[in-house]
Amino acid sequence: MTAEAQDVTELLLSRIRDVPDYPKPGVLFKDITPLLADPAAFTALTDTLAGLCTAHGATKIVGLEARGFILAAPVAVRAGLGFIPVRKAGKLPGATLSQAYELEYGTAEIEVHAEDLAAGDRVMVIDDVLATGGTAEASIELIRRAGAEVAGVAVLMELSFLPGRARLEPALGGAPLNALITV
């Protein structure tokens, strides 16, 4: 890691607040709202993610509902790329592609507008946290079903004590998975 990358990592870490026992007892929640409120930290995060998109040859950026929208939209602007929201089922008007995925207790479904992705697109998936990897894995499936290619997945933070990376690596098919912070 370069000195500049180390400085960015330290800045980002310094702006993430630990909230014990949220949303339930025993959970240590990583709150990114102080990072978003700090223009220097938010700019450093945006620039770093935009650099990854450029390095991986992305032509479009997908943001995962909901915090992924907050990160991915300014990255798309900075990188000069289109932004595509991947939403929970039933939130997008018009023709959509949907993908169901399993949660710890049950299932969920995400959607994307069918016309927003096409063959020839190289899509970078951006989210705030990689935990179990279910939503990111489902978004990769949606991108491929639309005929586009996955350029990679980038997250602000990876929770290393959960199996997200192990779950995503087969789905990525060699595309990179970048986590700016691992806790």
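Keep in mind that what you see is a predicted model, and the values were worked out from it rather than measured. Values below: every heavy atom of this structure, side chains too, minus hydrogens, waters and symmetry copies.
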Check your understanding: Can you tell if the side chain of Leu81 reaches within under 4.5 Å of the side chain of Cys53, non-hydrogen atoms only?
Key -> yes
Exercise for review: Each residue besides Val77 in its hydrophobic cluster should be listed here, by chain and number; the cluster joins Ile, Leu, Val, Met, Phe, Trp and Tyr at side-chain heavy-atom distances under 4.5 Å.
Suggested key: none
Practice item. Give a yes or no on whether Val123 and Ile110 share a hydrophobic cluster (residues Ile, Leu, Val, Met, Phe, Trp, Tyr; joining criterion: side-chain heavy atoms under 4.5 Å apart). Key: yes
Practice item. Not counting sequence neighbours, which residues clear side-chain contact (heavy atoms from CB on, under 4.5 Å) with Thr46? List them please. Key: Phe42, Pro74, Val75, Arg78
Review point. According to the salt bridge (charged side-chain N to carboxylate O under 4.0 Å, His left out) rule, which pairs have a member within residues 138-147, sequence neighbours left out?
Key: none
Check your understanding: What are the two closest non-hydrogen atoms of Ala148 and Leu117, and how far apart are they?
Key -> CB-CB, 4.4 Å
Review point. Hydrophobic cluster mates of Val27, side-chain heavy atoms under 4.5 angstrom, ILVMFWY only, any path?
Key: none
Review point. So, for Ala151 and Pro176, which heavy atoms are closest and what is the spacing to 0.1 Å?
Key: O-CD, 3.2 Å
Name every donor-acceptor pair, under 3.5 Å, that has one atom in a side chain of residues 33-41 and the other anywhere in the protein, sequence neighbours excluded.
| residue | atom | partner | partner atom | Å |
| --- | --- | --- | --- | --- |
| Thr33 | OG1 | Asp31 | OD1 | 2.8 |
| Thr33 | OG1 | Asp31 | OD2 | 3.0 |
| Asp38 | OD1 | Ala40 | N | 2.9 |
| Asp38 | OD1 | Ala41 | N | 3.1 |
| Asp38 | OD2 | Arg15 | NE | 2.6 |
| Asp38 | OD2 | Arg15 | NH2 | 3.2 |

Check your understanding: What do the steps show when you test Val8 against Leu11 for side-chain contact (heavy atoms from CB on, under 4.5 Å), and what is the final call?
Key -> CA-CA 5 Å; Val8 168; Leu11 174 62; 5.6 Å; no
Review point. Just checking, any donor-acceptor pair under 3.5 angstrom between side chains of Thr107 and Tyr101?
Key: no
Study note, to complete from the structure: Closest non-hydrogen contact found for Ile140 with Ala171 is CG2-O, 3.6 Å
Point to revise | Residue pairs fulfilling salt bridge (charged side-chain N to carboxylate O under 4.0 Å, His left out) with at least one residue in residues 66-75, sequence neighbours excluded | key: Arg67-Asp128
Exercise for review: Work out which heavy atom in Ala154 is nearest to a heavy atom in Leu49; give both atom names and the distance.
Suggested key: CB-CD2, 3.8 Å
Study note, to complete from the structure: Heavy-atom nearest pair, Ser139 first then Ala136, reads OG-O, 2.7 Å
**Study point:** Expected output: side-chain Thr96 to main-chain Leu92 donor-acceptor under 3.5 Å
**Key:** no
Exercise for review: Kindly work out whether a path of hydrophobic side-chain contacts (I/L/V/M/F/W/Y, heavy atoms less than 4.5 Å apart) joins Val129 to Leu45.
Suggested key: yes
Exercise for review: Answer with yes or no whether the hydrophobic clustering places Leu168 together with Val112; edges join I, L, V, M, F, W, Y residues whose side-chain heavy atoms lie under 4.5 Å apart.
Suggested key: yes
Practice item. Please check if Ile181 and Leu130 belong to a single hydrophobic cluster, counting links between Ile, Leu, Val, Met, Phe, Trp and Tyr side chain heavy atoms closer than 4.5 Å. Key: no
Give the table of side-chain donor-acceptor pairs shorter than 3.5 Å for residues 57-65, with sequence neighbours excluded, one pair per line with atom names and distance.
| residue | atom | partner | partner atom | Å |
| --- | --- | --- | --- | --- |
| Thr59 | OG1 | Arg122 | N | 2.8 |
| Thr59 | OG1 | Arg122 | O | 3.3 |
| Lys60 | NZ | Asp116 | O | 2.7 |
| Lys60 | NZ | Asp121 | OD2 | 3.2 |
| Glu65 | OE1 | Arg87 | NE | 2.8 |
| Glu65 | OE1 | Lys88 | N | 2.8 |
| Glu65 | OE2 | Arg87 | NH2 | 3.4 |

Review point. How does the hydrophobic cluster around Leu28 look, that is, which other residues are in it when side-chain heavy atoms under 4.5 Å mark a link?
Key: none
Revision key, fill the gap. To the nearest 0.5 Å, atom CD1 of Ile143 lies from atom CE of Met124 at 10.5 Å
Exercise for review: Working to the nearest 0.5 Å, report the span between CG of Leu71 and CG of Leu156.
Suggested key: 6.5 Å
Exercise for review: Return yes if some donor-acceptor pair links the side-chain N/O of His113 with the main-chain N/O of Pro93 below 3.5 Å, else return no.
Suggested key: yes
**Study point:** salt bridge (Lys or Arg N to Asp or Glu O under 4.0 Å) partners for Glu111, two or more places apart
**Key:** none
Review point. Should we say atom CD of Gln6 is surrounded by more than 12 heavy atoms from elsewhere, each under 6.0 Å from it?
Key: yes
Exercise for review: Give every residue pair that meets the salt bridge (charged side-chain N to carboxylate O under 4.0 Å, His left out) criterion with at least one member in residues 20-30, sequence neighbours excluded.
Suggested key: Asp18-Lys30
Practice item. Mark yes when over 12 heavy atoms from residues, nucleotides or ligands other than Tyr22 sit less than 6.0 Å from its OH; otherwise mark no. Key: no
Review point. Do the non-hydrogen side-chain atoms of Val150 and Leu172 ever get within less than 4.5 Å of each other?
Key: yes
Practice item. List, by chain and number, the other hydrophobic cluster members for Phe69, where Ile, Leu, Val, Met, Phe, Trp and Tyr join if side-chain heavy atoms come within less than 4.5 Å, directly or indirectly. Key: Phe83
Practice item. Sort and list the pairs that fulfil side chain to side chain donor-acceptor pair (under 3.5 Å) and have at least one residue in residues 170-183, not counting sequence neighbours. Key: His56-Asn178
Check your understanding: Which value, rounded to the nearest 0.5 Å, describes the distance between Thr132 atom OG1 and Leu159 atom CG?
Key -> 9.5 Å
Practice item. Is it possible for you to say whether Leu177 and Leu180 belong to one hydrophobic cluster, with membership spreading through side-chain heavy-atom contacts below 4.5 Å? Key: no
